[in-house]
There are 2 protein chains.
Amino acid sequence: MTDAHVGLAGQLSRLPQRQVLSDDVYETVKGLIMDSVVQPGTRLNIDALTRELGISQTPIRESLARLESDGLVIKEPLRGYRVSSRLTRDEFDDLFEYRLHIEPWAAGRAAQRAGTEDLARLKAEMLSYTDVPDRPAYESYRAMAAHDQRFHDLVLELSGNETARLSFARTHCHLHLFRLYYGGGIATKALREHKTVVTAVRKGDPEEAAAAMRAHIEASRARLRPIFDQE
Amino acid sequence: MTDAHVGLAGQLSRLPQRQVLSDDVYETVKGLIMDSVVQPGTRLNIDALTRELGISQTPIRESLARLESDGLVIKEPLRGYRVSSRLTRDEFDDLFEYRLHIEPWAAGRAAQRAGTEDLARLKAEMLSYTDVPDRPAYESYRAMAAHDQRFHDLVLELSGNETARLSFARTHCHLHLFRLYYGGGIATKALREHKTVVTAVRKGDPEEAAAAMRAHIEASRARLRPIFDQE
DNA sequence: CTTCGCAATATCCTATAGGATCTGGAGCCG
DNA sequence: CGGCTCCAGATCCTATAGGATATTGCGAAG
């Protein structure tokens, strides 16, 4: 289901969401980008996509227009679209510096504001991910990445600042991070760190929640940063 | 000229930007929204736009898809698009709370990093706005709003964190603020506050720059907040 | 063997057509 | 007079066509 992108007004249509073809294509292409089925920097050819997906150009053009505004593809007028590149080292550093500004504060605010139902949602999210030992490494990582994204989005939601949540969502942080690294093996530490954040939020201790989130993001950065040293 | 929305990769095409019709339509509709020619919440009718602009549906659909991802319009599938509403009081508060997180820090970083050329750019931006006494109030406000947006974007650029700059740009902060209030008469104070920020950046004093930016944003919030008390 | 030019083909962009869906107004009934 | 139902027209979405532009490959010349 496409997430309803809404403006700052936050007004969702009261109608149940109707899915049109361009929404499906949007999710499909976004998934191809996320999974690096389409390599960073490669061309997205509209005619080729019409053949592969068996649909006409119009929903493809519309979905590419949205992906362009999302920053996931780059339009080269009269030449086609290109998938945005993987994060460079500088962009990675910028992203985490930005996260360190927004997310510890958000965790602190969540600790201040969270009610019983909010805490139940956090608990449910923590329980939604269980590592299955036999699962292929890629699948495991994909599931963990999806959980990670939901978890961080939820903390931002519980902070009560919709601008911050939307701004973070629009960085497509987890999509970019997911494209950097495919391996498994980091879920255990990340989950432990998530748990520490939730414990602090449950206690209603803003400073502890902020510190836990800061520690988690710094650790996450440390886990991923060596990717750039390999090049 | 459409601003080139690029992903975190920051890779602009090396080609000179070619303007296609959908880019023109994007800027046109965005301008209509900014100027409240199209009132918040009203429907954008694709067939009507084809008649008014004298072009076909395709570039209109594409531009609306981009505006949807930008959060400036809301798609109601099979029913049309609606202009996102004006900021509510809560969204206004969220936006300024978010700004207070990002922009003082950015000003401090700009103070740390700004070289001679950067300082020249700041000075040029300050000089780019001159209030003309006879100018109609609306035009004066529009010019001030444009300067305000460029100024804040420049400070964020000089902070060196492209993620923060993009995230802030994607809130379309100034477009939303512009829609709230049309009157004139606030330029003098805002310009004075800008000048204080620039002075601190020029001195290379991060704390002073951060404090000046914080004071400016708080003052700006104080100037605009009473709009919600009138309702 | 390499480079340049040209042409054919691929691709992009926009116009147009038509079926599906929604909306608003008119008419009828209570 | 008000409310409900139905239908005509408006609107949306996608398919398709065609002109404009870019790309790639082949052939010829140096």
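Below, chains carry the letters A, B, ... as their sequence lines are ordered, and counting in each starts from 1.
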Once you apply a heavy-atom cut-off of 4.0 Å, does [X] come out as touching a base, just sugar-phosphate, or nothing?
{"X": "B:Arg51", "answer": "sugar-phosphate"}
{"X": "A:Ile60", "answer": "nothing"}
{"X": "B:Leu49", "answer": "nothing"}

Give the rounded distance in Å between these two atoms: [atom1] of [X] and [atom2] of [N].
{"X": "B:Leu64", "N": "D:dT11", "atom1": "CG", "atom2": "P", "result": "14 Å"}
{"X": "B:Gln19", "N": "C:dC12", "atom1": "CD", "atom2": "P", "result": "19 Å"}
{"X": "A:Ile74", "N": "C:dC12", "atom1": "CD1", "atom2": "P", "result": "15 Å"}

Review point. Got a donor-acceptor pair under 3.5 Å from the side chain of A:Gln57 to the base of C:dC12?
Key: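 Donor-acceptor pair under 3.5 Å: no.
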Review point. With a 3.5 Å cut-off and just heavy-atom distances, do the side chain of A:Glu62 and the base of D:dC13 make a donor-acceptor pair?
Key: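 Side chain to base: no pair below 3.5 Å.
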Review point. Step by step, would you call A:His147 with A:His152 a ring-ring contact (aromatic ring centres under 6.0 Å, His included)?
Key: CA-CA 9 Å; A:His147 157 70; A:His152 287 273; 8.6 Å; no
Check your understanding: When you match A:Ile55 and B:Leu44 each to their closest nucleotide on DNA chain D, which lands nearer the 5' end?
Key ->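 Taking each residue's closest nucleotide, the earlier one in sequence belongs to B:Leu44.
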Review point. In terms of the nearest nucleotide of DNA chain D, which residue is placed more toward the 5' end: B:Arg43 or B:Thr58?
Key: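 Residue closer to the 5' terminus by nearest nucleotide: B:Arg43.
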Point to revise | Main-chain N/O of A:Arg66 paired to B:Ser69 side chain as donor or acceptor, under 3.5 Å | key: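 Yes; at least one donor-acceptor contact below 3.5 Å.
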[options]: which one has an atom nearest the side-chain heavy atoms of [X]?
{"X": "B:Asp47", "options": "D:dT11, C:dT11, D:dT21", "result": "D:dT11"}
{"X": "A:Tyr81", "options": "C:dC13, D:dC13, D:dA15", "result": "C:dC13"}
{"X": "B:Ile46", "options": "D:dA15, D:dC13, C:dT16", "result": "D:dC13"}
{"X": "A:Leu78", "options": "D:dT14, D:dC13, C:dC13", "result": "C:dC13"}
{"X": "B:Arg61", "options": "D:dT11, D:dC13, C:dT14", "result": "D:dC13"}
{"X": "A:Asn45", "options": "C:dT21, D:dA22, C:dT11", "result": "C:dT11"}

Point to revise | Lys/Arg N to Asp/Glu carboxylate O, B:Arg142 vs B:Asp35, below 4.0 Å | key: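 The answer is yes: the pair qualifies as a salt bridge.
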**Study point:** Residue among B:His174, B:Glu125, B:Arg165 satisfying side-chain contact (heavy atoms from CB on, under 4.5 Å) with B:Asp153
**Key:**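 The single option meeting the side-chain contact (heavy atoms from CB on, under 4.5 Å) with B:Asp153 is B:Arg165.
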Point to revise | Which atom of B:Met213 lies closest to which atom of B:Ala107, heavy atoms considered | key: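 Where B:Met213 meets B:Ala107 most closely, the heavy atoms are CB-CB, 3.7 Å.
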